[in-house]
Amino acid sequence: MDWLIGAAGALIVAGAAYRKRSLSESGAAAAILMGTIYYGAGNVFWFGTLLLFFITSTLLSRYGKQRKADLEKSYAKTGRRDAGQVFANGGIGMVLCLINAWFPSDLWVFLFIGVMATVTADTWATELGSLSRKPPRSVLNGKVLTAGESGGVSWVGSTAAAVGSILIGAGGWLLAGWSGMDAEIWPYVLAALAGGLVGAFADSYLGATLQVMYRCRACGKSVEVSQHCGQDTVRMRGYAWMSNDTVNLVSSLLGGAAAYGIAGLIA
């Protein structure tokens, strides 16, 4: 029955997101599969935490959409998520959910909190940080960067990352209690805050060092896409295999590890 409930819930949410153009066809299919597993193999805690990330991130992607329109042309991923982006954001959590179904442990729970805090923090930082009136600065040397350039951080974005992380921690704690799990609030909140910030800054660092980046021949901007301004871009740095999705996966693992480490110190 849990699997049927999960499938029905995932179908409703993914269908609505597809109609609102927040998910592509492949993204909707991936979301249905993922949501079914999150509830079927897990419970309200796993499914609800994923939903909390997805709903808040989708709403923020629409906030100030006109001002972000030009920036999205520079990103490898836009507000309409495809299957790759869905799995990059929720794939690790899905694996942790399955492992926990077979071998229940707080290890998987807090790793999951850290992973979800990371993807939330990164998304919130991008969506709100891109609206900052002050230009971002390089996470490596503090140099002023153009808005949307990979590796940039700002006070607005960093604050948004922290708030998003805390929301995941507090929401996860409430959902854990609702699911009958023994949960104290501070391990969840502090673990999420640590995991989210570590993951978000790791994402910026990897974006500034290893992620593949291109330069537009026409406007000269540093972008994540192989085409910009209607023509092919030139690869300027990074490894071809270190895409935006790969950066998300690596930073999520680091955020999960940080969250578990903090939870272990507090508990």
Side-chain angles (χ1 to χ4, degrees), residues 1-11 13-14 27 29-54 57 81 83-123 165 168-185 187-196 198-200 202-203 245-267:
M1 180 59 72
D2 286 344
W3 289 92
L4 291 176
I5 294 173
L11 182 60
V13 174
I32 293 170
L33 172 64
M34 189 173 293
T36 302
I37 292 174
Y38 267 79
Y39 196 93
N43 51 34
V44 173
F45 163 71
W46 299 86
F47 185 81
T49 304
L50 175 69
L51 204 59
L52 184 60
F53 154 71
F54 178 72
S57 299
R81 298 175 174 87
Q85 194 169 11
V86 170
F87 282 119
N89 287 328
I92 296 177
M94 182 176 67
V95 172
L96 292 172
C97 179
L98 288 169
I99 295 175
N100 187 72
W102 298 321
F103 308 103
S105 171
D106 285 345
L107 168 62
W108 318 122
V109 170
F110 282 107
L111 283 175
F112 173 68
I113 285 293
V115 166
M116 295 313 299
T118 294
V119 296
T120 302
D122 180 49
T123 302
S165 299
I168 289 296
W173 168 72
L174 287 172
L175 291 165
W178 191 5
S179 303
M181 299 164 60
D182 185 18
E184 296 289 337
I185 185 170
Y188 277 77
V189 171
L190 295 179
L193 180 60
V198 167
D203 187 281
D245 286 341
T246 305
V247 168
N248 288 341
L249 286 171
V250 174
S251 59
S252 293
L253 289 172
L254 294 174
Y260 178 71
I262 291 296
L265 291 175
I266 299 171

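On a predicted model such as this, the values are computed, not experimentally measured, just so you know.
- Considering every non-hydrogen atom in both Leu249 and Phe87, the closest pair reads CD2-O, 4.4 Å.
- When atom types are taken as modelled, the side chain of Trp46 and the backbone of Leu96 share no donor-acceptor pair closer than 3.5 angstrom.
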Item to check | Stepwise side-chain contact (heavy atoms from CB on, under 4.5 Å) check, Ile168 with Thr49 | outcome: CA-CA 7 Å; Ile168 289 296; Thr49 304; 4.2 Å; yes
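- Side-chain contact between Tyr188 and Ile113: present, with at least one pair of heavy atoms (C-beta onward) separated by less than 4.5 Å.
- In terms of heavy-atom proximity, Gly255 sits nearest to Thr118 at CA-OG1, 3.3 Å.
- A distance of 5.0 Å separates CH2 in Trp102 from CG in Leu98, rounded to the nearest 0.5 Å.
- One distance of note links CG of Leu265 with CG of Leu190; it measures 10.5 Å at 0.5 Å rounding.
- Atom CG in Asn100 sits 10.5 Å away from atom CG in Leu111 (nearest 0.5 Å).
- When the shell of 6.0 Å around CH2 of Trp3 is examined, it contains more than 12 heavy atoms from other residues, nucleotides or ligands.
- Considering all non-hydrogen atoms of both residues, Ala101 and Ala41 come closest at CB-O, 3.4 Å.
- One N or O on the side chain of Asn89 and one on the backbone of Gln85 form a donor-acceptor pair closer than 3.5 Å.
- What you find for Phe110 and Ala191 is that their closest heavy atoms are CD2-CB, 4.1 Å.
- To the nearest 0.5 Å, atom CG of residue Leu175 and atom CG of residue Leu50 are 11.0 Å apart.
- For the atom pair Ser252 OG and Asp122 CG, the distance stands at 8.0 Å (nearest 0.5 Å).
- A donor-acceptor pair under 3.5 Å is formed between the side chain of Ser179 and the backbone N or O of Phe45.
- Nearest heavy atom pair, residue Ala258 against residue Gly195, reads CB-CA, 4.1 Å.
- Closest heavy-atom contact between Tyr38 and Met94: OH-N, 3.1 Å.
- Surrounding OH of Tyr260 are at most 12 heavy atoms belonging to other residues, nucleotides or ligands under 6.0 Å away.
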